[in-house]
Amino acid sequence: MLSEASTSSTSAGRRNGQRQAPSKSPAPVALPRTSEKKPPPYGAQHRQDALWRGGNDALPPLWQQYEVLGQTFYQDDTLVLASHNRPVPGVRLDNPGTLVDPECEWHISPFGRSYFVNHKTRTTSWNKPKPECPAGSLKPECIIEGHSRPILSLAYLKTSCNVMSASDDGSIRQWKRDGEPVGKSWNGGGGGVGSIAVHLDDTTVVSGSVDGRLRLWNIQEGSMIGQSWERHDAPVRCLDWSPDALEIASGSEDGTIRRWNPDTGRQIAPPIKTSHEWVMAVKYSPQGDKFISGGGLGPICVWSRNGKLLIEIKGHYYAVTSYCWSKDGAHIFSGSGDMTIRKWRATDGKELVVLRGHTNNVMSICLTPNERYIVSASYDCSVRIWDLKTNQAVGDPLLHEDRVRAVAMSPDGKCIASAGIDKKIYIWSLEAALERHQGADDNNAKLKGRPAQPRVVRRPIVSNLIPTHISY
């Protein structure tokens with residue numbers, strides 16, 4: 001299943017192996033905070049009684065519990081981190097190797113605050129480990145701040161090349177390339193916004209929220225058109241417009257795909273019940289004659305426009321989170337929790353290419369306009385550019401301070417926008433990244449014949465695919 005993405009603390013419970021509604025911990029009570037000025041010292045990670053209300057039998061303040069496929073998970077909503085282990089002082093909450101820094105461990109203090117133990121420095125800290133940014137790493141052209149919770153979805157406008165963002169804070173915002181906000185934020189009252197998709201003519205954008213409802217927005221006016229639509233039975237995970245703009249497809253944690261008439265906001269056909277458990281990605285072909293879906297379970301499914309299952313594509317062994325089509329409709333690209341990006345032949349599902357290099361879940365992918373490169377965002381805190389002629393990564397990763405949830409390519413092919421758990425949008429220059437890569441290749445050519453220098457390689461993170469909830 002998907003880790004740290006965009007699910008709900010308010011959706012209806014579902015049993016028989018499916019996700020049940022998370023249970024919130026009780027409101028915190030006043031407790032002495034003197035011991036909380038600093039985290040417990042290094043070496044003090046031993047079992048002891050919890051001092052929050054309810055003790056070891058209750059969750060700490062600002063935690064939630066939820067169930068997926070019969071497994072129980074516990075999440076610290078402040079850090080947006082989830083664990084298989086119940087939070088009790090002295091219990092390690094991360095699985096070895098799953099944090100960005102493999103020398104660190106995640107624990108909880110007696111008063112219910114997460115902290116991190118660094119075995120290399122023999123220190124403890126309240127701060128979540130961040131990836132090391134090597135000297136000389138490419139910097140973003142701009143970092144945009146304004147959301148108060150993680151950003152879950154990005155989309156570019158074709159005419160202006162402004163970027164739109166949707167967040168766990170319940171808002172949708174529009175930004176110029178230099179980071180200047182365009183108008184006010186939009187909030188439809190449906191809780192966190194998990195996905196947005198822009199109409200081909202840039203006039204409207206559809207959003208899907210934790211309340212299971214879709215909303216249509218007038219981009220120029222920044223206002224909702226009519227009322228919210230009928231609802232899914234659980235949070236909306238993904239959206240896409242058909243190329244002729246006559247219908248919108250949505251996927252949800254309720255395991256269904258629903259297709260909508262954007263003029264009426266009504267469903268145009270019965271819901272498609274998939275095998276995915278959660279539908280995390282849906283995408284129409286450029287020709288509009290079919291669409292694909294993927295999610296937490298089962299194969300990639302290719303559907304006819306009228307909802308008939310055409311083929312199933314097997315190859316990923318964890319959740320499928322994102323899709324792209326080639327312009328001619330001949331190839332499908334998919335990103336997955338198995339840390340890979342794969343290329344498939346659309347007619348028969350034959351696997352053609354596997355791109356490996358990320359060290360945690362691949363959450364989002366997009367193609368450059370010329371289809372020479374594919375860009376990926378990952379929970380290893382990085383964005384990577386891949387050359388589809390060589391099937392190799394281009395240059396060094398573009399680094400965030402935390403896990404990256406979404407990536408989008410500007411229509412003019414100049415900029416990459418990426419965003420995620422750190423609540424910031426990073427704008428990168430594709431040209432600068434490619435030039436730096438070319439410069440590195442030139443330097444490598446000059447160094448031929450010299451003794452090889454050691455190269456620092458990040459150790460892969462074991463991807464446990466914990467389906468962590470962003471607490472809308």
Whether H84 and F73 hold their rings parallel, tilted or perpendicular, with breakpoints at 30° and 60°: tilted
Nearest heavy-atom approach of I196 to S153 is N-OG, 3.2 Å
So S223 and W217, do their side chains get closer than 4.5 Å, heavy atoms only?
no
| NZ/NE/NH1/NH2 to OD/OE distance under 4.0 Å, E141 and R177 | no
Smallest heavy-atom separation, R345 atom then H331 atom, equals CA-CD2, 4.2 Å
Practice item. State, with a plain yes or no, whether a side-chain heavy atom of I268 is found less than 4.5 Å away from one of E247. Key: yes
Should the pair D233-R231 be classified as a salt bridge under the 4.0 Å nitrogen-to-oxygen rule?
no
Practice prompt. Would you check if the distance from the ring center of W241 to the ring center of H199 is below 6.0 Å?
Written response: yes
Scanning both residues in full, the closest heavy-atom pair of Y284 with D240 reads N-OD2, 2.8 Å
Is the gap between the ring centers of Y426 and H400 under 6.0 Å?
-> yes
Salt bridge or not for D387 and R372, using N-O below 4.0 Å? yes
Evaluate side chain to side chain contact (heavy atoms under 4.5 Å, CB included) for K290 paired with R305, printing each intermediate quantity in order. CA-CA 5 Å; K290 58 180 72 75; R305 178 73 175 251; over 6 Å; no
| said: So does C415 get a backbone contact from the side chain of S410, meaning a donor-acceptor N/O pair under 3.5 Å? | reply: yes
L157 and M164 have their tightest heavy-atom pair at CD2-SD, 3.8 Å
